Amino acid sequence: MANQVPVAEGVFTWPSEEPRLLASRCTACGNHMFPIQQDCPKCSGSSTERVELGRTGTLWTWTIQGYPPKSPPYAGDDDPVTFEPFGVGYVEIDGIVRVESRLTTADRDELEIGMELEMVLDPLYINDDGDEVVTFAFAPANSGGA
Amino acid sequence: MSDDVAIVGIGMHEFGRHDGVSGIDQGVVAVRRALADAGVQWEDVEFAFGGSKDGGAADTMVSKLGLTGLQFINVANGCATGGSALFSAYNSIKSGMFDIGIAVGFDKHERGAFRIDLASHGLEEWYGESGLALTTQFFGMKLNRYMHDHGITEPTLAKVAEKAFRNGSKNPMAWRRRPMSEAEIAESAMLSYPLTQYMFCSPGEGGAALVLCRADKAKQYTDTPIYLNAAAVRSRKFGSFEVMAPHLATERSDGPTVDASKAAYQMAGMGPEDMDLAQLQDTEVGAEIMHMAENGFCEHGEQERMIAMGETEIGGRFPVNTDGGCLANGEPVGASGLRQVYENVLQLRGQAGDRQVPNDPKTAYTHVYGAPGISGVTILSR
Ligand SMILES: [Zn+2]
């Protein structure tokens with residue numbers, strides 16, 4: 001298995017066997033934001049602290065990306081011949097924030113608002129060093145991941 | 001009721017694809033047609049607000065229209081560029097600063113879905129690299145949740161697009177003028193569930209311009225002045241669900257459309273029950289459906305019945321997107337909001353030809369929406 005590297009530093013804990021998304025919590029009003037940001041759009045405050053989000057959540061809404069996104073910025077397979085559709089959804093985590101994420105299934109019959117999900121890593125591409133670049137995704141819970 | 005500002009001239013450059021014609025030139029054509037419609041000379045125009053997203057700087061059109069020294073201000077406000085130009089023109093006249101001026105918008109976009117400039121949206125690279133930064137995903141997800149919450153069904157989606165292309169077929173300025181069946185729309189490529197290819201509009205090209213003046217001088221130019229009773233633009237509040245959002249708050253609030261709509265009704269001293277027809281942002285079919293309720297024309301979920309009964313057809317109880325909307329016209333961002341106003345002026349003058357709304361409409365409403373969560377609304381009357 002290729003060495004894995006994250007798509008960016010500071011999006012999820014790394015290195016980690018069970019990475020968690022990194023978010024900000026406003027120290028004034030308790031609002032949560034993802035990814036990490038300094039300023040709070042809820043109370044106009046500018047003091048936040050770093051928090052790790054839970055690895056499970058529920059699907060709040062979803063779609064299926066049916067055509068290759070333009071590259072750049074997309075770093076995955078944008079070849080219309082080999083492109084595989086992927087799911088995209090907002091996942092409600094810990095009842096405090098809804099995070100936009102790739103989903104490991106693109107089958108509409110497997111996707112349902114309210115379903116339980118768990119975080120996994122999703123390979124995007126192999127970089128020039130031969131490392132596998134991964135982003136985060138959510139998979140149906142108890143499916144054994146991607 | 002606010003009736004201090006009148007629209008006395010309208011002009012459009014055909015929407016669509018125009019190889020070899022620059023965006024600026026399409027704007028110039030729209031202005032010349034609006035001036036001719038009003039019987040106004042360019043040298044008499046005291047000010048202009050103009051904008052374009054990808055078509056170039058609007059104020060450079062003075063080198064084609066004439067170097068008269070007028071006050072020309074460029075406006076850049078995403079999908080609300082036209083609405084913002086109109087708001088600015090309205091206030092320039094209402095304040096007493098000027099008597100007559102122009103609002104103009106035009107655009108010329110590359111083919112295919114809009115490519116998102118992440119940095120200009122304050123977004124990080126990984127968001128786009130991961131395949132998330134697509135407006136089409138937002139539209140699919142907002143609609144999917146809305147259908148779940150309010151009982152809108154998939155067949156209703158195809159009905160909205162079928163109406164758009166049928167109305168567009170009666171509009172010589174529209175881009176897509178071939179009527180399409182519900183089946184053809186529903187069976188086209190699934191781009192972002194539940195939305196298929198023909199349920200989305202495409203970035204396009206075109207121009208639109210309006211000549212506005214003090215209402216008490218309007219009869220100098222036309223026998224049928226149309227009054228601009230309200231023009232409002234609003235940005236998003238905390239808790240609204242908008243495009244290009246790596247996260248959402250769990251707390252929900254109304255989007256900018258609801259706020260812009262309320263502001264416009266207040267300005268005009270009218271309510272949704274007073275409107276005779278509307279042009280609503282239909283980037284995709286779900287947007288038209290959701291915006292019917294967000295602008296106050298029905299309750300959430302009521303659209304299912306209204307559309308089945310044909311109430312939003314040109315001959316229906318409340319016609320929506322009589323010119324084919326963005327679906328049939330495409331979306332040259334800078335021109336799109338002014339295209340809606342152009343259509344409403346035609347409807348209120350009774351000059352809309354094959355697509356004329358019957359029974360002499362007296363009031364008309366426009367609404368635009370776009371990234372990163374901005375809405376613009378106008379109310380016209382005669
Ligand atoms: Zn706060």
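Reminder, nothing fancy here: chain letters follow the sequence lines and each chain counts from 1. In this text the structure is predicted, and so the values were computed from the model without any measurement.
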field: Among the listed options A:Leu124, A:Thr135, A:Ile113, A:Val99, the residue most often paired with chain B at heavy-atom distances under 4.5 Å
entry: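 Between A:Leu124, A:Thr135, A:Ile113, A:Val99, the count favours A:Ile113.
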query: Which residue out of A:Phe136, A:Tyr125, A:Tyr90 racks up the most heavy-atom pairs below 4.5 Å with chain B?
result: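 Of the options given, most contacts go to A:Tyr90.
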Modelled atom types, side-chain donor and acceptor of [X] and [Y], under 3.5 Å:
| X | Y | result |
| --- | --- | --- |
| B:Ser253 | B:Ser240 | no |
| B:Ser202 | B:Arg176 | yes |
| A:Glu118 | A:Thr56 | no |
| B:Ser130 | A:Tyr74 | no |
| B:Gln281 | B:Thr283 | yes |
| B:Glu304 | B:Thr153 | yes |

At a 4.5 Å cut-off on heavy atoms, which part of [X] comes close to chain B: side chain, backbone, both, or neither?
| X | result |
| --- | --- |
| A:Asn31 | side chain |
| A:Arg102 | both |
| A:Gln65 | both |
| A:Ile64 | both |

message: Once ring pair (Phe, Tyr, Trp, His ring centres under 6.0 Å) is applied, do any residues pair with B:Phe139, and if so which ones, sequence neighbours excluded?
response: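 If we apply the ring pair (Phe, Tyr, Trp, His ring centres under 6.0 Å) test to B:Phe139, skipping adjacent residues, there are no hits.
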field: For A:Thr63 against B:Gln137, the heavy-atom pair lying closest together
entry: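 Where A:Thr63 meets B:Gln137 most closely, the heavy atoms are CG2-O, 3.8 Å.
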- request: For each of B:Pro194, B:Gly131, B:Gly140, B:Ala249, tally heavy-atom pairs with chain A at distances under 4.5 Å, and name the one with the top tally.
  value: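 It is B:Gly131.
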Under 4.5 Å from any heavy atom of chain A - which part of [X]:
| X | result |
| --- | --- |
| B:Ala189 | neither |
| B:Tyr193 | both |
| B:Leu118 | side chain |

query: What are the residues of residues 143-151 of chain B, in order of number, with any heavy atom under 4.5 angstrom from a heavy atom of chain A?
result: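 B:Asn144, B:Arg145, B:His148 fall under the 4.5 Å cut-off.
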- prompt: Going by the salt bridge (charged side-chain N to carboxylate O under 4.0 Å, His left out) test, which pairs reach into residues 238-255 of chain B, not counting sequence neighbours?
  reply: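 Residue pairs with at least one partner in residues 238-255 of chain B: A:Lys42-B:Glu251.
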- request: Under the side-chain hydrogen bond (donor to acceptor under 3.5 Å, both in side chains) rule, what do A:Arg98 and A:Thr61 come out as? Steps first, then yes or no, please.
  value: CA-CA 10 Å; A:Arg98 295 178 184 135; A:Thr61 188; over 6 Å; no
Any residue of residues 5-18 of chain A which, by heavy atoms, sits under 4.5 Å from chain B: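 The list, in residue order, reads A:Val7, A:Ala8, A:Val11.
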- request: For atom CD of A:Glu112, decide whether the heavy atoms of other residues, nucleotides or ligands shown that lie under 6.0 angstrom number more than 12.
  value: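 12 or below, so no.
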task: Evaluate the side-chain proximity of B:Ile185 to B:Met199: yes if any heavy-atom separation is below 4.5 Å, no if none is.
output: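 A side-chain contact exists here, since the closest heavy-atom pair is under 4.5 Å.
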field: side chain to side chain contact (heavy atoms under 4.5 Å, CB included) partner of A:Pro140, the single match among A:Leu111, A:Thr104, A:Leu59
entry: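 When side chain to side chain contact (heavy atoms under 4.5 Å, CB included) is applied between A:Pro140 and each of A:Leu111, A:Thr104, A:Leu59, only A:Thr104 qualifies.
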task: Give the ring-plane orientation class for B:Tyr369 versus B:Phe138, where under 30° counts as parallel, over 60° as perpendicular and anything between as tilted.
output: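 Answer is parallel, since the angle falls under 30°.
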